*Asks:* 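For reference, the structure I am asking about is given below.
Since the model is a prediction, treat every value here as computed from it, not as a measurement.
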Amino acid sequence: MSKLRVAVLGAKGRIGSEAVKAVRAADDMELVAALGRGDDLKTLVESGAQVAVELTTPDSVMENLEFCVTHGIHAVVGTTGWTEDRLAQLNEWLAASPETGVLIAPNFSIGAVLTMKFAEAAAPYFESVEVVELHHPKKVDAPSGTAARTAQMIAAARAKAGSPAMPDATATALDGARGADVDGIPVHSVRLRGLLAHQEVLLGGEGETLTIRHDSLHHSSFMPGILLGSRKVVTTPGLTFGLEHFLDLNG
Ligand SMILES: NC(=O)C1=CN([C@@H]2O[C@H](COP(=O)(O)OP(=O)(O)OC[C@H]3O[C@@H](n4cnc5c(N)ncnc54)[C@H](O)[C@@H]3O)[C@@H](O)[C@H]2O)C=CC1
Ligand SMILES: O=C(O)C1=N[C@H](C(=O)O)C[C@H](O)C1
């Protein structure tokens, strides 16, 4: 069987360099290109890449994806910074290239995906929910893509269940003291030397609290998700948002 031809964009970065090693080590994949900032995207075409793993920065990801999608190269995207406008633009490009697949995964680690699903399931049963994400201090965006997605899923679950507004008597607050508001869910961002990627979802009800915590201790935690996404995206045209869609979480 022929090997899947995979390229990595952002190949010298923290997660990109780990992805290069993971693709090289996968028996069913061939690393055909490893591009950094300033490298020519035409290399993707010349190398015959079928999948581009996009692990760059929020200011680079759109240009890279436009190139990939318009050249029929599937993409597995871990880069953060997604907004409704950006997703609409990506969907426009995909509409003109209907056989191409793009997976955007706010988080590739199975534990983080499960944290999001558990938080979504638990949210309607508690009066209060807040998200705390904790990352290494070189991270350029806040809140994390994972925390933003978690908060969106919690808010949607609460809206579906008809949950009332959360109790909060705050009358005066310093700017930022109550965190960022993501669809009505407070999200707090900590940047601390020594950390990698961590998240807590705090849920509170009458006389009890539930804390769902996930820790990524090494970038290796993201690799099984990147490899799985690369294998699946080639047969999944259009936009898939969230690795959970490529996992059987009910089995
Ligand atoms: N979805 C997930 O599970 C994960 C996502 N991330 C996200 O991945 C992104 C990268 O994170 P890190 O590796 O920590 O950052 P980093 O700053 O270490 O790496 C980014 C790399 O991309 C390169 N780059 C920038 N523009 C480029 C371009 N146009 N073409 C090729 N390379 C380019 C930079 O020079 C740098 O080497 C961030 O958005 C981060 O939030 C990080 C870890 C896990
Ligand atoms: O920048 C990081 O490191 C990470 N970014 C992603 C995010 O913003 O959610 C995923 C993970 O948290 C690591």
*Asks:* So which pairs with a foot in residues 113-136 pass salt bridge (charged side-chain N to carboxylate O under 4.0 Å, His left out), sequence neighbours left out?
*Replies:*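 Non-adjacent pairs meeting salt bridge (charged side-chain N to carboxylate O under 4.0 Å, His left out): K117-E120, E130-R178, E133-R191.
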*Asks:* Short question: side chain of S163, backbone of A159 - any donor-acceptor pair under 3.5 Å?
*Replies:*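 It does not hold such a pair.
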*Asks:* Do the side chains of W93 and V102 get nearer than 4.5 Å, heavy atoms only?
*Replies:*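 No, too far: nothing below the 4.5 Å cut-off.
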*Asks:* Could you list the residues that satisfy ring-ring contact (aromatic ring centres under 6.0 Å, His included) with F222, not counting sequence neighbours?
*Replies:*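 Per chain and number, F222 pairs via ring-ring contact (aromatic ring centres under 6.0 Å, His included) with H219.
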*Asks:* L192: which other cluster members, linking ILVMFWY side chains closer than 4.5 Å, directly or transitively?
*Replies:*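 Members alongside L192: V132, L134, V190, L195, L202.
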*Asks:* Taking only residues two or more places apart in sequence, or in another chain, which ones meet T56 in a side-chain contact (heavy atoms from CB on, under 4.5 Å)?
*Replies:*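 Counting only residues at least two positions away or on another chain, T56 forms a side-chain contact (heavy atoms from CB on, under 4.5 Å) with L9, E54, S60, V61, N64, T79.
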*Asks:* Give the intermediate values and the outcome of side-chain contact (heavy atoms from CB on, under 4.5 Å) for residues L243 and N107.
*Replies:* CA-CA 7 Å; L243 186 68; N107 202 303; over 6 Å; no
*Asks:* Taking atom NZ of K232 as the centre, report whether more than 12 heavy atoms of other residues, nucleotides or ligands fall under 6.0 Å from it.
*Replies:*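 Count not over threshold, so no.
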*Asks:* With a 3.5 Å cut-off and no angle check, do the side chains of Q199 and T150 form a donor-acceptor pair?
*Replies:*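 Looking only at side-chain atoms, T150 and Q199 do form a donor-acceptor pair, the distance falling under 3.5 Å.
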*Asks:* Consider only side-chain N and O atoms of D85 and T83, and report whether a donor and an acceptor are under 3.5 Å apart.
*Replies:*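 Short answer, no.
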*Asks:* Does the side chain of V23 come within less than 4.5 Å of L227's, by heavy atoms?
*Replies:*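 When only atoms from C-beta onward are counted, V23 and L227 do touch, with a gap below 4.5 Å.
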*Asks:* Please go through L217's hydrophobic cluster and name the other residues, only I, L, V, M, F, W, Y counting, with side-chain heavy atoms under 4.5 Å joining them.
*Replies:*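 Members alongside L217: none; it stands by itself.
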*Asks:* Keeping to residues at least two apart or across chains, list the ring pair (Phe, Tyr, Trp, His ring centres under 6.0 Å) pairs with something in residues 159-214.
*Replies:*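 Of all non-adjacent pairs touching residues 159-214, none passes ring pair (Phe, Tyr, Trp, His ring centres under 6.0 Å).
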